Amino acid sequence: MKYAIVTYGCQMNSADSGLMAAVLDGSGWRPAESRDEADLIVLNTCSVRERPEHKAYSLLGELREWRRSRSAAVLAVSGCMAQRAGEHILARAPHVDIIIGTRHFHRIAELAARVSRGERPLVELGTDDDPSDWRCGAAAAVAAARLRAFVPVIRGCSNFCSYCIVPRVRGSEASRAAHDIEREIESLVSRGTREVTVLGQNVLAYGRDLPEGLTFAQLLERLEGIDGLWRIRFTTCHPRDVSDGVVRAIAGLSKVCEHIHLPIQAGTDRLLEEMNRGYTTEHYLDVVTQLRSRVPAIAISTDMMVGFPGETEEDFCRSLRLYERIRFDSAFTFAYSPRPGTAAAGRPDQVPRQTRLARLSRLIELQNQIAIEVNQRRVGEEVELLVDGTAHRGRGLLSGRTRTNKQTLFAGDTHLIGTLANVRLVKAHLWGFMGELLVQGQTL
Ligand code: SF4
């Protein structure tokens, strides 16, 4: 029996898809080469914006014939869209057999077996934290260990930004026990992982819900002590939660990389307040100043939204001016799309689609110009790369990531893959750098 998983959305979703793949592998399933070959197809969906939901519905439409022509096949929809619109999905696509919410990924094999026995449709949407989900996730990550690995440490979010569906579909914040995280990373390292990205929708909130009251900075200190681990990254961060301890951890812990993803979302205090973001532009600038003064090499990336309800041309221009002042290394830019069930979706002052798209193009143009200028200023620097493979762009080149999370390509022998190498940055691009090899560093 073979399976295929189609993943939409963020790194948490990729980690959840990895979990389901490992659970299925452990239950005797094998990955299919193509959807036609699959007996089980899982769409692991995203609800953050309209577009990935449209894509998922469109694929469900395409899979109608696939499901009709195979009486023993199983079609599952999992993740945020499943959690948000489970029954509605079944009404619109009755050929779906399983709906799996955001806390039941580990049950995929059991649910598929029940469908094979004739029970359908099955809907699992409870949002209570289930420790066996964490355990399966850890086992899955270890089984699929690679040079770089994602390690979820907190699920859900308790912030309720007015445009965001995540707290409603992922539930409130639920942290994982620190010793379980350490054990998982130690197991990953024993299988060759050298860089971990610690994940959470709001990773800096880690520990608040734990009885021992551990902070995220303290978790980083504990992970720093893991032998054989070279690099630690984390994402994504709420600007309000960047504590002095977090800044000290980035500045002082040698394995914690000099990069932070710090979504700003808007550049005026009125919009930030209406978004319920919980900080002002002044606070955000203060965090950036602290980070840059204590970690001069730090790269800061962000998320920027245009077209939030009520955004005027003046708001938009003020936001652009703020972004020009901050000069982000990179940004995920997107146009607001109303998510049913959120506070902002019901506002009468929605910005017309054409205006949103026009502002998005202007924002992208500005951010691209800034990003290339920021990269150009780094040309000539010597940096450490974790070499992760051969490059997709440019034949015969290797690819690696700087500690600031910039892709860098250089000419070198494939035996460097999996090592730390020192390169000089010789040419800047929007996507990263071309480099030249100086010295091979630490090896596995
Ligand atoms: S912090 Fe805000 S935008 Fe981020 S997941 Fe939570 S509610 Fe959504």
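As the structure lists them, so they are numbered: ligands from 1, and atoms in each ligand from 1. Computed from a predicted model, the values in this text were never measured in an experiment.
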Side-chain donor/acceptor of Ser172 to backbone N/O of Cys157, under 3.5 Å: no
Counting only heavy atoms closer than 4.0 Å, does ligand 1 sit against the backbone of Asn202, its side chain, both, or neither? neither
Is the charged tip of Arg49 near the ring of Phe334: under 6.0 Å from the six-membered ring centre and within 45° of its axis? yes
Would Arg277 count as a contact residue for ligand 1, given that I'm defining contact as a non-hydrogen atom of the residue lying under 4.0 Å from a ligand atom? yes
For the residue pair Tyr279 and His283, categorise the inter-ring angle as parallel (less than 30°), tilted (30 to 60°) or perpendicular (more than 60°). tilted
The closest protein heavy-atom partner of atom 6 (Fe) of ligand 1 is Cys157 SG, 2.2 Å
Less than 6.0 angstrom from the centroid, inside 45 degrees of the normal: does Arg92 satisfy that with respect to the ring of Tyr57? yes
Interfacing atoms of ligand 1 (cut-off 4.0 Å, heavy-atom, Pro167): 7 (S)
Within a distance under 4.0 Å of any heavy atom of Asn159, pick out the atoms of ligand 1 and give their elements. 1 (S), 6 (Fe)
Please check if the side chain of Thr355 supplies one atom and the backbone of Val351 the other of a donor-acceptor pair under 3.5 Å. no
If the cut-off is 4.0 Å to any non-hydrogen atom of Phe160, which atoms of ligand 1 fall inside it? 7 (S)
re atom 8 (Fe) of ligand 1, the protein heavy-atom contact at minimum distance is Cys164 SG, 2.3 Å
Describe, in one word, how the ring planes of His104 and His106 are oriented to each other, choosing from parallel (under 30°), tilted (30 to 60°) and perpendicular (over 60°). parallel
At a threshold of 2.8 Å, where the distance has to be below it, does atom 2 (Fe) of ligand 1 have an N, O or S atom of Cys161 nearby? yes
Going by the order shown, which atoms of ligand 1 are within less than 4.0 Å of some heavy atom of His238? 1 (S)
Applying side chain to side chain contact (heavy atoms under 4.5 Å, CB included) between Asn13 and each of Thr45, Val48, Thr102, Asn44, report the one that passes. Asn44
Do me a favour and list the nearest non-hydrogen protein atom to atom 3 (S) of ligand 1 with residue, atom name and distance? Tyr163 OH, 3.4 Å
